[in-house]
Amino acid sequence: MINFNLYNPVNLCFGKDAHEQLPTLIPQGAKILMTYGGGSIKQNGVYDNVRGALQEFEVVEFGGIEANPEYDTLLKALDIIKSQNITFLLAVGGGSVIDGTKFLASAALYEGNEPWDILAKGIRTEVGMPFGTVLTLPATGSEMNSGAVISRRSIGQKRGMGGPGLFPQFSISDPTVVASIPHRQLANGLVDAFTHVMEQYMTYPTSATLQDRISEGILSTLMEIAEPLLKDPSDYDTAANFMWSCNMALNGLIQKGVPTDWSIHAVGHELTAAYNIDHARTLAIVLPSMYRYKFEQKQAKLAQYGRRVLGLDGSDFDVAHEAIDRTEAFFNSLGINTKLSQYGVDTTGIEKRAAKQLDNYGWVSLGEHKDITPADVEKILAMAI
Ligand code: NZQ
Ligand code: ZN
């Protein structure tokens with residue numbers, strides 16, 4: 001097992017009516033900027049619950065953070081933080097609102113002239129403005145990790161950032177919010193969380209027995225709850241299992257002590273940057289081709305997954321192939337297409353464009369073996385069209 005430090009200071013407040021804890025979680029006298037997205041919180045009661053709990057606080061609102069949060073929009077919120085002397089941020093939304101707020105937490109204390117440098121130059125955030133979250137969409141795990149991904153459409157980029165200063169102080173995770181999530185976003189959440197586990201598990205056999213079993217447990221749970229969740233997202237226990245699985249998939253625990261891949265995300269972000277395709281859908285497009293392309297190196301672990309999670313029998317070779325097919329079929333069963341050409345976009349030249357962009361970023365050696373080059377990315381994307 002590889003040496004590791006495990007540090008996660010997030011106070012996860014999980015369960016029905018957890019928002020009632022808000023007044024005790026936010027520092028007394030804080031001046032809050034409450035950030036949110038396109039307005040779903042005003043339809044499902046979350047907005048009223050949060051505002052009700054914040055009666056004793058001075059609150060400024062900033063709505064309109066898009067899916068795949070846009071840098072230019074966030075700069076407007078940054079102006080408000082500075083001009084109105086905000087001291088605490090509260091993100092109310094899904095991964096996009098939370099990630100956008102993490103950017104704000106970093107940029108608010110950043111001393112350079114150009115906040116985009118935090119992303120473009122990979123500047124780690126050691127200390128950020130304190131913030132909390134009220135999660136409305138299980139998927140990314142952003143509510144309990146210290147990473148964020150920000151898009152800047154004017155230059156066609158989607159870049160990541162992170163650092164210990166970007167852990168939320170607390171995250172309200174109330175599974176009753178799942179009831180109002182549309183089918184498309186539920187399916188996205190399942191695939192995103194599933195792929196998060198795969199990025200940290202589907203590498204090569206290691207001695208990390210417990211990490212493997214936890215990962216397999218999350219994968220099995222996501223597969224088990226998928227159908228009931230899509231049928232009835234208002235079922236509390238199904239929603240709770242969904243929310244907790246998505247959190248566990250990317251709160252940092254299962255990556256400890258093991259090699260990780262993350263090439264599917266790196267390539268997927270280029271598809272969102274090019275076409276604004278939902279994050280999870282880009283993963284569903286890339287994963288099957290990535291695993292077919294890297295079959296030889298991943299065969300042993302694919303076979304382990306095939307036997308333990310999918311219950312398959314046979315030789316490593318056969319089980320591993322079948323495991324990729326079954327995973328693709330699982331994504332399809334959720335209504336998610338796994339070929340880029342099914343998304344109604346002009347695919348001409350995307351392989352070269354994505355490879356060139358990764359090259360520009362210096363991302364020239366992806367994967368657990370650091371052997372996926374831009375030339376490989378071109379071939380993988382050609383298979384995914
Ligand atoms: O904007 P509103 O009106 O709130 O609507 C949102 C949005 O349109 C809606 N929604 C959220 N909660 C809802 C709801 N609708 C009804 N009822 C509710 N309870 O869902 C739509 C999508 O929301 P979004 O936040 O964009 O989705 P998600 O949570 O999947 O976040 C995606 C973003 O997170 C990044 C992705 O790249 C993408 O930008 N990721 C962040 C990660 C992290 N920080 O650790 C890791 C991930 O791999 C990922 O890259
Ligand atoms: Zn993801």
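Just follow the structure's listing: the first ligand is 1, and inside any ligand the first atom is 1. Note that this is a predicted model, so its numbers are computed, not measured.
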| Check against side-chain hydrogen bond (donor to acceptor under 3.5 Å, both in side chains), Gln255 and Thr260 | CA-CA 7 Å; Gln255 76 182 22; Thr260 57; over 6 Å; no

| task | Carefully, step by step, assess Glu216 and Arg307 under the rule salt bridge (Lys or Arg N to Asp or Glu O under 4.0 Å). | result | CA-CA 11 Å; Glu216 288 154 2; Arg307 293 194 183 96; over 6 Å; no

| task | Let me see the working for Lys352 and Glu378 under salt bridge (Lys or Arg N to Asp or Glu O under 4.0 Å), right down to the final yes or no. | result | CA-CA 6 Å; Lys352 286 210 165 3; Glu378 257 188 77; 3.0 Å; yes

| query | Is there a salt bridge (Lys or Arg N to Asp or Glu O under 4.0 Å) between Glu328 and Arg326 once you walk through the steps? | reply | CA-CA 5 Å; Glu328 189 167 9; Arg326 293 276 190 107; over 6 Å; no

| Arg281/Asn337 under side-chain hydrogen bond (donor to acceptor under 3.5 Å, both in side chains): CA gap, chis, key distance, verdict | CA-CA 7 Å; Arg281 287 164 200 253; Asn337 289 323; over 6 Å; no

| Verdict with reasoning, Asn68 to Lys158, per side-chain hydrogen bond (donor to acceptor under 3.5 Å, both in side chains) | CA-CA 8 Å; Asn68 304 311; Lys158 181 170 183 182; 3.2 Å; yes

| request: Output, in order, the C-alpha distance, side-chain angles, deciding distance and verdict of ring-ring contact (aromatic ring centres under 6.0 Å, His included) for Phe103 and Tyr71. | output: CA-CA 9 Å; Phe103 167 76; Tyr71 179 71; 5.6 Å; yes

| side-chain hydrogen bond (donor to acceptor under 3.5 Å, both in side chains) assessment of Asp371 paired with Gln297 | CA-CA 11 Å; Asp371 61 352; Gln297 285 167 315; 2.8 Å; yes

| request: Please step through salt bridge (Lys or Arg N to Asp or Glu O under 4.0 Å) for the pair Lys370 and Asp261, ending with a clear verdict. | output: CA-CA 9 Å; Lys370 306 211 177 311; Asp261 179 348; over 6 Å; no

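Of all atoms in ligand 1, listed by their number and element, those nearer than 4.0 Å to a heavy atom of Pro69 are 39 (O). For ligand 1, the atoms lying closer than 4.0 Å to a non-hydrogen atom of Ile181 are 16 (C), 17 (N), 18 (C), 19 (N). Those atoms of ligand 1 that come under 4.0 Å of a heavy atom in Ser96, given as number and element, are 24 (P), 25 (O), 26 (O), 31 (O), 32 (C), 33 (C). Interface of Gly37 with ligand 1, defined as ligand atoms under 4.0 Å from a residue heavy atom, comprises 1 (O). Heavy-atom contacts of Val149 reach the following atoms of ligand 1: 50 (O) (cutoff under 4.0 Å). Each of the atoms 16 (C), 17 (N), 18 (C), 19 (N) of ligand 1 lies under 4.0 Å from some heavy atom of Ser180. For ligand 1, the atoms closer than 4.0 angstrom to any heavy atom of Leu137 are 11 (C), 12 (N), 20 (O), 22 (C), 23 (O), 24 (P), 27 (O), 28 (P), 29 (O). Residue Ala67 approaches ligand 1 through these ligand atoms, each under 4.0 Å from one of its heavy atoms: 26 (O).
The nearest protein atom to atom 14 (C) of ligand 1, hydrogens excluded, is given as Ser40 OG, 3.5 Å; this is a heavy-atom distance. Closest to atom 19 (N) of ligand 1 among all protein heavy atoms lies Thr136 O, 3.0 Å. Looking at atom 30 (O) of ligand 1, its nearest protein heavy atom turns out to be Ala139 CB, 3.8 Å. For atom 49 (C) of ligand 1, the closest non-hydrogen atom of the protein is His279 NE2, 3.3 Å. Looking only at heavy atoms of the protein, atom 39 (O) of ligand 1 is closest to Asn68 OD1, 3.1 Å. For atom 34 (O) of ligand 1, the closest non-hydrogen atom of the protein is Thr140 CG2, 3.4 Å.
Side chain to side chain, Gln169 and Asn11 fail the donor-acceptor criterion of an N or O pair below 3.5 Å.
Between Glu61 and Arg51 there is a salt bridge, since at least one side-chain N of the basic residue sits less than 4.0 Å from a carboxylate O of the acidic one. For Glu296 and Lys294, the salt-bridge test fails: no basic side-chain N is under 4.0 Å from an acidic carboxylate O. Using a 4.0 Å cut-off between a side-chain N of Lys or Arg and a carboxylate O of Asp or Glu, Glu270 and Arg353 do not qualify as a salt bridge.
Counting heavy atoms closer than 4.0 Å to ligand 1, residue Lys158 contributes side-chain atoms (C-beta onward) but none from N, CA, C or O. Looking at Leu250 against ligand 1, only its side chain comes within 4.0 Å, counting heavy atoms. Residue contacts with ligand 1, taken as heavy atom pairs separated by less than 4.0 Å, involve Asn44 solely via side-chain atoms from C-beta onward. When non-hydrogen atoms are compared, ligand 1 lies under 4.0 Å from neither the backbone nor the side chain of Gln43. With a heavy-atom cut-off of 4.0 Å, Asn145 touches ligand 1 through its side chain alone. Only the side chain of Pro182 comes within 4.0 Å of ligand 1, counting heavy atoms alone; its backbone N, CA, C and O stay farther away. By the criterion of a heavy-atom distance under 4.0 Å, the side chain of Asp99, and not its backbone, is placed next to ligand 1.
Scanning all heavy atoms of the two residues, the minimum distance from Val177 to Thr136 falls at CG2-O, 3.6 Å. Closest heavy-atom contact between Met161 and Thr125: CE-OG1, 4.1 Å.
Distances from atom 29 (O) of ligand 1 to the heavy atoms of Gly39, Gly95, Gly38 put Gly95 nearest.
Shown here, atom 8 (O) of ligand 1 is out of close reach of the protein: none of its heavy atoms lies under 4.0 Å off.
Geometrically, ligand 1 and Val97 share no nitrogen or oxygen pair separated by less than 3.5 Å.
Annotation: protein N, O or S atoms under 2.8 Å of the Zn ion (ligand 2) (waters excluded) comprise Asp192 OD1, His196 NE2, His265 NE2, His279 NE2.
For Glu66, the closest heavy-atom approach to ligand 1 does not fall below 4.0 Å. The shortest heavy-atom distance from Gly147 to ligand 1 is under 4.0 Å.
Residues Leu222 and Val191 fail the side-chain proximity criterion, which asks for heavy atoms closer than 4.5 Å.
Although no hydrogens or angles enter the test, the distance criterion places a donor-acceptor pair under 3.5 Å between the side chain of Gln200 and the main chain of Ala249. Side chain of Arg153 to backbone of Asp72: no donor-acceptor contact under 3.5 angstrom is found.
Between Phe330 and Phe194, the ring-plane angle classifies as tilted under the 30° and 60° cut-offs.
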